[in-house]
Chemist: 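Take this structure, written in structure tokens, and hold onto it; I'll ask about it next.
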Amino acid sequence: MYHILMNLSQFTWNVVPFLSVLVVIGQIISAVILAAVVIEFFTKKTNRISTWTSQNGLILILIVTLVSIAGSLYFSEISGWNPCKYCWIQRIFMYPQAILLMIALWKRDRNVARYILALSLIGAGYAAWHYYIQMYDIIAAPTNPATPCDASGESCVKTPFVMFGYITVPGMALTAFLMNALGAGMVLKTKK
């Protein structure tokens, strides 16, 4: 049993960098899409990046959502990191997006972007607050951390990793919510 736990722990430390790299890639893609939108706004000419993202936005959002769900379930169910109350609140705003998006893709209903945008903005608010609390405790108050979590879950202040100096579990969630909000905005942009 000990060897299984040690192998699982090692596997977790392989998954964390993989998910962190996905977060960085997502942030770069989001920056490129935002740049395309800004260029489109000022030049008044549509560009391929903006058009492609608008047309495929629901599929892209579903991919981000499914990776987010898989990552959160991996951390809690396989790695054994109990989610804190803020993690649970963020899950409340991410998990339904998968169901809404699958139904919308099946029905070819792009109107779901409004609901995805609302869920993502609220989830991003919670994730930003959670990330702020976590990073403040890691950087500014490491000797006297204010634990943001109740006794039912692991304190995210004690989460055993910070990748690339800024990526943590709440940071991953924040990135996913912002990517989904951007994708929903792109889908709504084409509906006009």
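Only heavy atoms go into these numbers, but all of them, side chains included; no hydrogens, no water, no symmetry mates.
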Chemist: Answer yes if V37 and I39 sit in the same cluster of Ile, Leu, Val, Met, Phe, Trp and Tyr residues linked by side chain heavy atoms under 4.5 Å apart, and no otherwise.
Modeler: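 Different hydrophobic clusters.
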Chemist: Given Y115 and Q97, is the side chain to side chain contact (heavy atoms under 4.5 Å, CB included) satisfied, shown in steps?
Modeler: CA-CA 8 Å; Y115 310 116; Q97 291 185 34; over 6 Å; no
Chemist: Taking the six-membered ring of W88 as reference, does the cationic atom of R91 (NZ for Lys, CZ for Arg) lie under 6.0 Å from its centre and within 45° of its axis?
Modeler: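 Yes, cation above the ring, under 6.0 Å and within 45°.
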Chemist: Treating S54 as the side-chain partner and V187 as the backbone partner, does any N or O pair qualify as donor plus acceptor under 3.5 Å?
Modeler: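 Not confirmed, S54 side chain does not pair with V187 backbone.
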Chemist: How far apart are the C-alpha atoms of S72 and M94, what are their side-chain angles, what is the distance that settles it, and do they pass the side chain to side chain contact (heavy atoms under 4.5 Å, CB included) test?
Modeler: CA-CA 10 Å; S72 72; M94 181 61 75; over 6 Å; no
Chemist: Side-chain contact test, heavy atoms from C-beta onward, threshold under 4.5 Å: evaluate it for M172 versus T168 and give yes or no.
Modeler: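 A side-chain contact under 4.5 Å is absent here.
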Chemist: Give me the one residue out of K189, K45, Q55 that meets side-chain hydrogen bond (donor to acceptor under 3.5 Å, both in side chains) with S50.
Modeler: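 Answer to the side-chain hydrogen bond (donor to acceptor under 3.5 Å, both in side chains) test with S50 among K189, K45, Q55: K189.
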Chemist: Roughly how far apart are I25 CD1 and T175 OG1, rounded to 0.5 Å?
Modeler: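 OG1 of T175 is found 12.5 Å from CD1 of I25.
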Chemist: Going from CD1 on I59 to CG on L101, what distance comes out if it is rounded to the nearest 0.5 angstrom?
Modeler: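 Separation between the atoms: 10.5 Å.
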Chemist: What's the shortest heavy-atom distance between A127 and P170, and which atoms?
Modeler: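 The pair with the smallest heavy-atom distance is CB-O, 4.0 Å.
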Chemist: Are K44 and F41 in a cation-pi contact, defined as NZ or CZ under 6.0 Å from the six-membered ring centre and within 45° of the axis?
Modeler: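 Checked: cation-pi criterion met.
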Chemist: State the CD1-CD1 distance between I122 and I92, to the nearest 0.5 angstrom.
Modeler: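 One gets 11.5 Å once the value is rounded to the nearest 0.5 Å.
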Chemist: With heavy-atom distances below 4.5 Å as the criterion, would you say the side chains of M102 and W106 are in contact?
Modeler: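 Not in contact.
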Chemist: Go through the steps for Y132 and W129 under the test ring pair (Phe, Tyr, Trp, His ring centres under 6.0 Å), then give the verdict.
Modeler: CA-CA 5 Å; Y132 166 76; W129 175 248; 5.6 Å; yes
Chemist: Tell me, do I133 and Y86 make a side-chain contact under 4.5 Å, heavy atoms counted?
Modeler: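 Yes. Closest side-chain heavy atoms under 4.5 Å.
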Chemist: If I compare all heavy atoms of A104 with all of V112, which pair ends up nearest, and what's the gap?
Modeler: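 Answer, listing the atom of A104 first, then V112: CB-CG1, 3.3 Å.
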Chemist: Same hydrophobic cluster for I99 and L119, using side-chain heavy-atom links shorter than 4.5 Å among ILVMFWY?
Modeler: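 Shared cluster, no.
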Chemist: Just so I know, are the side chains of R108 and L105 near enough to count as touching, which here means a heavy-atom distance under 4.5 Å?
Modeler: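 No - every pair of side-chain heavy atoms lies 4.5 Å or more apart.
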Chemist: Could you measure the distance from the CD1 atom of I33 to the CE atom of M179? Nearest 0.5 Å is fine.
Modeler: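 The CD1 atom of I33 sits 7.0 Å away from the CE atom of M179.
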Chemist: What I'd like to find out is whether the side chain of Y131 reaches to under 4.5 Å of the side chain of Y166, using heavy atoms alone.
Modeler: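 Result yes, sub-4.5 Å side-chain heavy-atom pair found.
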Chemist: Do V24 and L182 belong to the same hydrophobic cluster, where Ile, Leu, Val, Met, Phe, Trp and Tyr are linked whenever their side-chain heavy atoms lie under 4.5 Å apart, directly or via other members?
Modeler: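 They do share one cluster, since a chain of ILVMFWY contacts under 4.5 Å joins V24 to L182.
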Chemist: Considering all heavy atoms of both residues, which atom of N180 and which atom of S120 are nearest to each other, and what is their separation?
Modeler: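 Closest heavy-atom pair between N180 and S120: CB-OG, 3.2 Å.
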Chemist: Salt bridge check: are E40 and R48 linked by an N-O gap of less than 4.0 Å?
Modeler: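 Looking at E40 and R48, the cut-off is not met.
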Chemist: Angle between ring planes, Y126 versus F93, binned at 30° and 60°: parallel, tilted or perpendicular?
Modeler: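 Rings of Y126 and F93: parallel, under 30°.
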Chemist: Are L73 and V64 joined in one hydrophobic group, where the rule is that I, L, V, M, F, W and Y side chains link up if heavy atoms are under 4.5 Å apart?
Modeler: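 Not linked; separate clusters.
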Chemist: Closest heavy-atom contact between L60 and W52?
Modeler: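 Minimum heavy-atom contact is CD1-CZ3, 3.7 Å.
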Chemist: Looking only at side chains, do Y95 and S68 share a donor and an acceptor under 3.5 Å apart?
Modeler: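 There is no such pair between these side chains.
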Chemist: Considering all heavy atoms of both residues, which atom of A124 and which atom of L174 are nearest to each other, and what is their separation?
Modeler: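 Shortest heavy-atom contact: O-CD1, 3.5 Å.
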Chemist: Does one hydrophobic cluster hold both I49 and L178, with members joined at side-chain heavy-atom distances below 4.5 Å?
Modeler: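 They do not share one cluster, since no chain of ILVMFWY contacts under 4.5 Å joins I49 to L178.
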Chemist: Taking atom CG of L62 and atom CG of N56, what is their separation to the nearest 0.5 Å?
Modeler: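 Atom-to-atom, L62:CG and N56:CG are 12.5 Å apart.
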Chemist: Any chance you could measure T53, atom OG1, to I61, atom CD1, to the nearest 0.5 Å?
Modeler: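 Atom-to-atom, T53:OG1 and I61:CD1 are 10.5 Å apart.
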Chemist: Over all heavy atoms of both residues, which pair between N47 and A36 is shortest? Give the atoms and the distance, please.
Modeler: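 Heavy atoms of N47 and A36 come nearest at ND2-O, 2.9 Å.
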